[in-house]
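What follows is a set of notes on a single structure, which appears directly below.
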Amino acid sequence: MSILNNDFLALTLAHQDGIAPFEVSFPSGLGFVEDTGILRLEPKQSSATSLVLSVGVHGNETGPIELVNKLVTAILDGTIPLNIRLLILVGNPVAANLAKRFCDVNLNRLFRGAWQEYAGFEAKRAKRLEQAVCDFYSLTENKTDQVKLHYDLHTAIRGSVHEKFVVYPYVENAIYNKDQLAFLAASGIDAVLLSHQPTTTFSYYSYAVHGAHAFTVELGKVYPFGENDLSRFADLEASLTLLLEKGVLAQSSLSSLHVFRVLDSLIKDDDSYELSIAGDVKNFTQFEAGYRMAHSDKSDYYIKQTGDAIVFPNTNLPIGQRAGLMVRPVGLGDLQLS
Ligand code: ZN
């Protein structure tokens, strides 16, 4: 086997159900196709930095898949000399081939072992992806000083007041990493959403289980394969290229970042549950105090303070699941950084 035209995405989509492991050599190192959509690239020169780039955890979020595939091609053909360890993961190739977000269940809710409660393709895939990350972080000579990174790249269903934003995993001591935030700012990220509780997302898994600096990165709106304008990701492409080539985290002032903390989860508690917003309302749209945001036969939710905003609204889901998050702006000065 080989990677025809150095096009790892094409190989992955052509073998969505599995692929026998094989090796590929490239000018700056050695690559291992471990399974479908799982490619580990080891530089010739030993490096303490281990970067996981995952894309397509939601199959129809094609922009980041194309961006990362372009970087992989450049590494394999020698245009980008690789100087850090790199694991590329195409999360859900079956859904990608169907141009769907997922087949049976949302893959990005199945990590930290949550896959054990489900059946179907996504449950098996979550287990396989966890194993790939676990193997990657353990297959290094630099165990003690290893810098573990994981950027899980997505695009959103709806528009956003802040086009590119990250979800910062819940950290118990509420101390946030300044270099990572400065890297995200340099990568064109506008906003940071601080999680309020542990979750079963892929990035939270890498943070909680492996101690990685891990983020869910939302890069704007969903488009089909071939219709993405990759120039919209130019800042991220430049900072990732610098990281791959030099092992350096690009740094920009944090002053461009809008930071929000999660106030409340809106939970769909009844079939009558409704949100009082237009269908196309953007993420981070702010509301006035007293506005009735949610209503059902069992409950009401009123905006607590003017400026509180909604993120990820969605009522097309089973009772008991999250219909949105209410968030509130936080001043950068109020954050504890290290
Ligand atoms: Zn997504």
Side-chain angles (χ1 to χ4, degrees), residues 47-55 63-64 67-68 71 80 83-84 86 147-156 159-196 203-204 206-207 211-221 229-263 282-286 305 307-309 311-312 325 327-338:
S47 168
T49 301
S50 297
L51 168 64
V52 178
L53 283 179
S54 53
V55 294
L67 171 69
V68 165
L71 293 172
I80 294 179
N83 273 297
I84 63 170
L86 177 63
V147 179
K148 298 175 189 170
L149 305 172
H150 180 179
Y151 304 119
D152 182 33
L153 308 183
H154 289 252
T155 50
S160 179
V161 173
H162 303 291
E163 194 205 11
K164 300 187 177 75
F165 63 98
V166 300
V167 180
Y168 203 120
Y170 170 69
V171 288
E172 236 165 70
N173 60 10
I175 298 174
Y176 300 95
N177 188 280
K178 189 162 178 278
D179 290 348
Q180 288 297 316
L181 290 173
F183 170 78
L184 294 166
S187 303
I189 301 302
D190 311 306
V192 178
L193 180 57
L194 308 174
S195 291
H196 64 315
S203 63
Y204 188 80
S206 291
Y207 163 77
H213 295 293
F215 300 90
T216 304
V217 184
E218 294 283 353
L219 293 168
K221 252 190 116 160
D229 175 5
L230 295 185
S231 69
R232 293 187 306 126
F233 310 135
D235 292 338
L236 177 64
E237 184 178 352
S239 62
L240 286 176
T241 302
L242 182 70
L243 178 57
L244 296 168
E245 282 191 11
K246 312 273 188 217
V248 170
L249 287 174
Q251 301 278 285
S252 282
S253 162
L254 303 189
S255 58
S256 63
L257 292 177
H258 300 264
V259 184
F260 297 83
R261 68 182 172 87
V262 176
L263 274 186
K282 292 177 167 179
N283 281 322
F284 297 102
T285 298
Q286 297 181 305
Q305 184 177 305
D308 288 353
V311 185
F312 302 132
L325 288 176
V327 304
R328 180 172 292 173
V330 184
L332 258 181
D334 296 330
L335 283 192
Q336 245 190 300
L337 302 173
S338 75

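This is a predicted model, so every value here is computed, not measured. For the numbers below, each heavy atom of this structure counts, side chains included, while hydrogens, waters and symmetry mates do not.
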Over all atoms of both residues, closest heavy-atom pair of [X] and [Y]:
{"X": "Ser256", "Y": "Ala185", "result": "OG-CB, 4.0 Å"}
{"X": "Asn177", "Y": "Tyr168", "result": "N-OH, 2.8 Å"}
{"X": "Leu230", "Y": "Leu67", "result": "CD2-N, 4.1 Å"}
{"X": "Asp152", "Y": "Ser54", "result": "OD1-OG, 2.6 Å"}
{"X": "Ile175", "Y": "Leu337", "result": "CG2-C, 4.2 Å"}
{"X": "His150", "Y": "Ser206", "result": "ND1-OG, 2.7 Å"}

Does the side chain of [Y] come within less than 4.5 Å of [X]'s, by heavy atoms?
{"X": "Val171", "Y": "Tyr207", "answer": "yes"}
{"X": "Asp190", "Y": "Glu163", "answer": "yes"}
{"X": "Tyr204", "Y": "Thr216", "answer": "no"}
{"X": "Ser338", "Y": "Tyr176", "answer": "no"}
{"X": "Ile84", "Y": "Leu149", "answer": "no"}
{"X": "His196", "Y": "Leu325", "answer": "yes"}
{"X": "Ser160", "Y": "Phe165", "answer": "yes"}
{"X": "Leu244", "Y": "Leu51", "answer": "yes"}

To the nearest 0.5 Å, tell me how far [X] [atom1] sits from [Y] [atom2].
{"X": "Asp179", "Y": "His213", "atom1": "CG", "atom2": "NE2", "value": "8.0 Å"}
{"X": "Leu153", "Y": "Glu218", "atom1": "CG", "atom2": "CD", "value": "10.0 Å"}
{"X": "Leu257", "Y": "Leu184", "atom1": "CG", "atom2": "CG", "value": "7.5 Å"}
{"X": "Leu219", "Y": "Lys221", "atom1": "CG", "atom2": "NZ", "value": "15.0 Å"}

| said: Evaluate Leu249 against Gln180 for side-chain contact (heavy atoms from CB on, under 4.5 Å), listing each step before the verdict. | reply: CA-CA 8 Å; Leu249 287 174; Gln180 288 297 316; 3.6 Å; yes
Measure from the side-chain N and O atoms of [X] to the backbone N and O of [Y], and report whether any donor-acceptor pair falls under 3.5 Å.
{"X": "Lys164", "Y": "Arg232", "answer": "yes"}
{"X": "Glu245", "Y": "Ile80", "answer": "no"}
{"X": "Asn83", "Y": "Lys246", "answer": "no"}
{"X": "Ser187", "Y": "Ile189", "answer": "no"}

| task | Using the six-membered ring wherever Trp is involved, compare the ring planes of Phe284 and Phe260 and label them parallel, tilted or perpendicular (cut-offs 30° and 60°). | result | tilted
| request: Please test His162 against Asn283 for side-chain contact (heavy atoms from CB on, under 4.5 Å), starting from the C-alpha separation and ending with a verdict. | output: CA-CA 8 Å; His162 303 291; Asn283 281 322; over 6 Å; no
| message | Apply side-chain contact (heavy atoms from CB on, under 4.5 Å) to residues Leu194 and Leu335 and explain how you reach the verdict. | response | CA-CA 10 Å; Leu194 308 174; Leu335 283 192; 3.7 Å; yes
| Aromatic centroids of Phe183 and Phe215 separated by under 6.0 Å |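 No, the ring centres sit 6.0 Å or more apart.
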